[in-house]
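Okay, structure first, notes after.
Atom set for the values below is all heavy atoms of this structure, side chains included, hydrogens, waters and symmetry mates excluded. Ligands are counted one by one from 1 in listed order, and the atoms in each one are counted from 1 as well.
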Amino acid sequence: MGNIVLLDELTINQIAAGEVLDRPVNAVKELVENSIDAGAKHIIIEIQSGGKGLIKVTDDGSGIKKDDIFISMERHATSKIRKVEDLENTYSMGFRGEALASIVAVSKMTMITKTAEDELGSKVTAAGGEILSVEEVSCNTGTSIAVRELFFNTPVRYKFLKQDFTEFRYIREWVEKAALANLTIAFQLMNEGKTVFSSNGNGKIQDMVYSLYGKQIQENIENIDFQEEDIKITGVVGNTLLADKTRKNQIIFLNKRSIKDNIIESAADQAFNASIGIGKKGFFIINIEMPAHEYDVNVHPTKNEVRFKDESKIYKAVYSAIKTALLSKDFLEDQSQEQFENKNNYIRNEFGFLTNHFGNRKDAYSEKIKSDIELIQREKDRQIEYKFVGILFKTYIIIELDSQMYLMDQHAAHERILYEQIRANYKDHLKNHSQMTLIPELIHLTHKEYEFVIQHLEMFQNIGFDLEPFGDNTMKVSGFPDIEYRKKINNREMFLDVLDEMTGNVKSNFKTVEERFIATVACKAAVKAGMDLTAAEVDTLIQRLLKLQNPYTCPHGRPTTIKFNKEEILNLS
Ligand code: ADP
Ligand code: MG
């Protein structure tokens, strides 16, 4: 005797309107949710033609008993609840018993399934709502459902589908979210035979955030781990650098179900208040676990909305969970590179403001710059005599030279020097700009980063990276660009930073990808604000910079050096 029963009419009507299957991603969702409900630890999703050609979901879950196969494909057939009250204790993703029936009605389906008790499994073919064949097959425990030609018999529906890549994008976004909600399940998503996303199911949210969002995001998040009474909240929050104008980086799961909820959003806003800029929305991914009887998921079957029975309780829990994470450690004060950059920008703006308030001396200013360039030209081949005053904020090198005070941004200056050097190396395409590592490093990348390297392999080699694809999003790196004037550089970090920047959606003024790449390597290899420099390093930096043709801006156009002449400073008081 199988486990699946038909729900009675009343129950059917009590459960609000059925799910609508209107695009491939809905079918993917139903199939994958069935796999999750079946206790699968591995789920493979294969897509062809944006899901219009094929959607195949294979899991290692419980499988379906022989006696249950036919009924599983009938409308309102479910093994998950018996009556509407059962919803109070239901943690499964599905319970309406409609998905398989709907999918079978509008596609050509093949299902192979086997439970652990059965020796042989079953293979069922069905199309347009009819079961065509059933046979015994030998197969692994679990279920594999292949849905072909979705909407083949509903041409109107088919007509409204978007292009394959768009439909696939919806699928990918959904699968990534499912993987984020189910950290202990290993997901693999394949498109046209190629793996485009995979998770390892190791349960670590930080690893997942890294592979979904990349290094920059991962470095600016903090774990949430909160429990009060019967509410448990886990996840991550982002610091001020990740705050955004929209709520697009706010993900909420309630017992693994993705939801949208105003109460949770305002609790989060309250918690982030003062930690992020005015009008900005904080970054968070939260997983709320609480008893199913404390909320109702059935208000809007097609929307991701729920109704909490005790709204102030959930508000307080979310607020405390996020606030605690934000205040943990020195998270907000953490001196990550981006924060330095931010601080740098801040300082720069301050200086910009000050400079403008020295009066309308723009012309005098450019005159001065011109004469300085001439001076530098003349002095090109001999040591420049300057007086080293000190380093301000671990960021600005202050020197005195010819009745001028120079404030030299150590990062921008070094970046400028490296840019010239790397560009020259790149132009003459010499392989000897690479410095071999003793032992090749295996560097694991996100899929996007890996693809980028493969596509631009030659560009990386020209600059001195000695790279070899090593499969599974891993690069074997045997050499790094040979860059002068800096001993302490962490090449691996630099490589990852460069990739992060190059694959991000940052707008840039560079005309070609090569130009942007050279500037990015220069930027990432350069000393940062806040780093201690030795006297020798400072001297090299100054000598080098002052001998450049155009030492006054970095490759991105920001000033490397701000100058004040003696009169300006004396007139200050
Ligand atoms: P629901 O998920 O709402 O119960 P579905 O139509 O999605 O309804 O599935 C019907 C039934 O088929 C499920 O209740 C479950 O017993 C069985 N089933 C579907 N997919 C799987 C699967 N991948 N592994 C095990 N059982 C499954
Ligand atoms: Mg289901």
Side-chain angles (χ1 to χ4, degrees), residues 1-8 11-12 14-21 25-46 55-84 86-87 89-107 109-118 121-126 129 131 134 137 139-147 150 174-175 178 181-182 185-188 255-258 292 297-298 301-302 304:
M1 179 60 188
N3 200 16
I4 305 182
V5 298
L6 279 169
L7 294 174
D8 61 69
T11 312
I12 291 164
Q14 279 173 328
I15 295 173
E19 279 137 328
V20 216
L21 198 63
V25 65
N26 303 131
V28 171
K29 170 181 183 288
E30 294 301 334
L31 295 173
V32 171
E33 287 187 346
N34 281 345
S35 299
I36 296 170
D37 286 347
K41 285 285 146 231
H42 293 89
I43 303 175
I44 302 167
I45 302 128
E46 293 162 77
I55 297 169
K56 186 173 171 191
V57 176
T58 304
D59 68 50
D60 58 356
S62 63
I64 305 178
K65 286 182 189 171
K66 272 197 178 53
D67 291 344
D68 281 340
I69 286 176
F70 284 99
I71 202 171
S72 73
M73 299 192 190
E74 299 222 8
R75 192 159 291 276
H76 309 304
T78 180
S79 58
K80 299 167 192 173
I81 61 167
R82 293 292 183 263
K83 50 189 182 327
V84 79
D86 292 347
L87 286 176
N89 299 303
T90 298
Y91 296 90
S92 61
M93 307 304 295
F95 50 77
R96 296 189 179 88
E98 291 187 316
L100 281 189
S102 318
I103 292 170
V104 167
V106 294
S107 72
M109 191 189 87
T110 305
M111 173 162 90
I112 296 172
T113 185
K114 188 182 93 62
T115 61
E117 303 96 74
D118 292 331
S122 314
K123 177 176 172 181
V124 186
T125 61
I131 292 181
V134 186
V137 289
C139 58
N140 294 332
T141 297
T143 305
S144 175
I145 296 181
V147 174
L150 191 64
W174 186 85
V175 170
N182 296 277
I185 298 176
F187 286 83
Q188 184 180 0
N255 291 334
K256 305 206 167 144
R257 187 186 297 275
S258 169
V297 285
N298 216 16
T302 56
N304 323 330

Inset, instruction - Give a yes or no on whether the backbone of Ile43 and the side-chain of Ser35 come within a donor-acceptor separation of less than 3.5 Å. - result: no
Is there a nitrogen or oxygen of [X] sitting under 3.5 Å from a nitrogen or oxygen of ligand 1?
X: Ala99; value: yes
X: Glu30; value: no
X: Ala101; value: no

Legend entry - Option nearest atom 24 (N) of ligand 1 (shortest heavy-atom distance, choices Ser35, Ser144, Ser62, Ala38): Ala38
Inset, instruction - Say whether Gly61 and ligand 1 are in contact under the criterion: heavy-atom distance to a ligand atom below 4.0 Å. - result: no
Inset, instruction - Check Leu31 against ligand 1 and report side chain, backbone, both or neither, counting heavy atoms closer than 4.0 Å. - result: neither
Inset, instruction - Please state which part of Leu100 comes within less than 4.0 Å of ligand 1, counting heavy atoms only: side chain, backbone, both or neither. - result: both
Legend entry - Atom of Thr58, atom of Ser144 and distance for their closest heavy-atom approach: OG1-OG, 3.1 Å
Inset, instruction - Mind checking the CG-CD1 spacing from Leu100 to Ile71? Nearest 0.5 Å is all I need. - result: 12.0 Å
Legend entry - From NZ (Lys65) to OG (Ser72), nearest 0.5 Å: 13.0 Å
Inset, instruction - Pull out every atom of ligand 1 sitting under 4.0 Å from any heavy atom of Ser72, numbered as shown with elements. - result: 10 (C), 12 (O)
Legend entry - Identified side chain to side chain contact (heavy atoms under 4.5 Å, CB included) counterpart of Met73 within the set Val124, Ile64, Ile103: Val124
Legend entry - Among Val57, Ile55, Asn182, the one residue meeting side chain to side chain contact (heavy atoms under 4.5 Å, CB included) with Val32: Val57
